[in-house]
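Worksheet: one structure, shown below.
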Amino acid sequence: DQKWRMFLFDVPESERSVRRQLTRSLQRLGCGCLQGSVWISAMKPAGLPGAFPEEGTDCSHLIVLDAASRGLKVDRKMVEAAWDFEKINALYQCHIDVMERMPAERSGSTPAALSAWSEEENRCWLEAVRADPLLPAELLPSGYLGRTAWRKRKSVIRRAAGLARKLGDALRKQPEAP
């Protein structure tokens, strides 16, 4: 909707634990930090009403504003400042590397090898997606790897599902041990 959600808070130094709780909650929502107590999101975070579950979190310090976009050039500068896309791309690259290591049928794959690979793939994917603010395409920096990783993931998961079926069929065809 070309609006920014801005989260502002002014928490006294004597209340560091409140500040930490607020920033952790904003990070979990996918917000980016423009500067210490100014956070942004390009979308209205879905979990905002229940976003501050920590016991005793005082949200009276938090102000949430909707702000109009000042144009794509300014929006992109805000994105660069608020999120660490080098880290996000490194996480997606790690996931892409795992995709390249999917067990192959011809290499004598086993269900255990496929299962171990699947667990690693899922862990790397979730780590990357949790760090990614999942911004609209026009706000993404050049070189962003999230979409590349997603396309590769869809393709490789289809191949992994086919391999899992073949391995399962092979196991079912094995004679039972006496």
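Side-chain atoms are counted along with the backbone in the values below, which use heavy atoms only and exclude waters and symmetry mates.
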Could you state the interatomic distance from [atom1] ([X]) to [atom2] ([Y]), rounded to the nearest 0.5 Å?
{"X": "Ser155", "Y": "Arg158", "atom1": "OG", "atom2": "CZ", "value": "5.5 Å"}
{"X": "Leu135", "Y": "Asp75", "atom1": "CG", "atom2": "CG", "value": "10.0 Å"}
{"X": "Asp132", "Y": "Trp83", "atom1": "CG", "atom2": "CH2", "value": "10.0 Å"}
{"X": "Cys31", "Y": "Met43", "atom1": "SG", "atom2": "CE", "value": "9.5 Å"}
{"X": "Asn89", "Y": "Asp84", "atom1": "CG", "atom2": "CG", "value": "9.5 Å"}
{"X": "Tyr144", "Y": "Leu139", "atom1": "OH", "atom2": "CG", "value": "11.5 Å"}

- Query: Does the side chain of Leu22 come within less than 4.5 Å of Phe7's, by heavy atoms?
  - Reply: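 Side-chain contact under 4.5 Å: no.
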
- Query: Hey, are the side chains of Val79 and Phe85 touching, using non-hydrogen atoms and a 4.5 Å cut-off?
  - Reply: yes

What closest approach, in Å, do [X] and [Y] show between heavy atoms, and which atom pair accounts for it?
{"X": "Leu34", "Y": "Ala81", "result": "CD2-CB, 4.0 Å"}
{"X": "Leu91", "Y": "Ala131", "result": "CD1-CB, 3.6 Å"}
{"X": "Met6", "Y": "Ala67", "result": "SD-CB, 3.8 Å"}
{"X": "Arg147", "Y": "Ala137", "result": "NH2-CB, 3.2 Å"}

- Task: Using the side-chain contact (heavy atoms from CB on, under 4.5 Å) rule, take Tyr92 and Val129 through it: C-alpha gap first, then chi angles, then the decisive distance, then the call.
- Result: CA-CA 8 Å; Tyr92 279 123; Val129 170; 3.9 Å; yes

Would you say the side-chain atoms of [X] pair up with the backbone N or O of [Y], donor to acceptor, closer than 3.5 Å?
{"X": "Arg76", "Y": "Glu138", "value": "yes"}
{"X": "Ser118", "Y": "Leu114", "value": "no"}
{"X": "Ser109", "Y": "Ala104", "value": "yes"}
{"X": "Ser37", "Y": "Phe9", "value": "yes"}

- Query: Do you know which of Gln93, His95, Lys152 makes side-chain contact (heavy atoms from CB on, under 4.5 Å) with Leu145?
  - Reply: Gln93

- Is Arg5 salt-bridged to Asp66, cutoff N-O under 4.0 Å?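 So Arg5 pairs with Asp66 through a salt bridge.
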
- Query: Between Arg101 and Glu121, does at least one N-O distance fall below 4.0 Å, as a salt bridge requires?
  - Reply: no

For [X], I'd like to know if atom [atom1] has over 12 heavy atoms of other residues, nucleotides or ligands within 6.0 Å.
{"X": "Asp97", "atom1": "CG", "value": "yes"}
{"X": "Gln27", "atom1": "CD", "value": "yes"}
{"X": "Glu86", "atom1": "CD", "value": "no"}

- Under 3.5 Å, is there a donor-acceptor pair linking the side chains of Arg20 and Ser17? no

- Evaluate ring-ring contact (aromatic ring centres under 6.0 Å, His included) for Trp4 paired with Trp39, printing each intermediate quantity in order. CA-CA 10 Å; Trp4 287 100; Trp39 290 66; over 10 Å; no

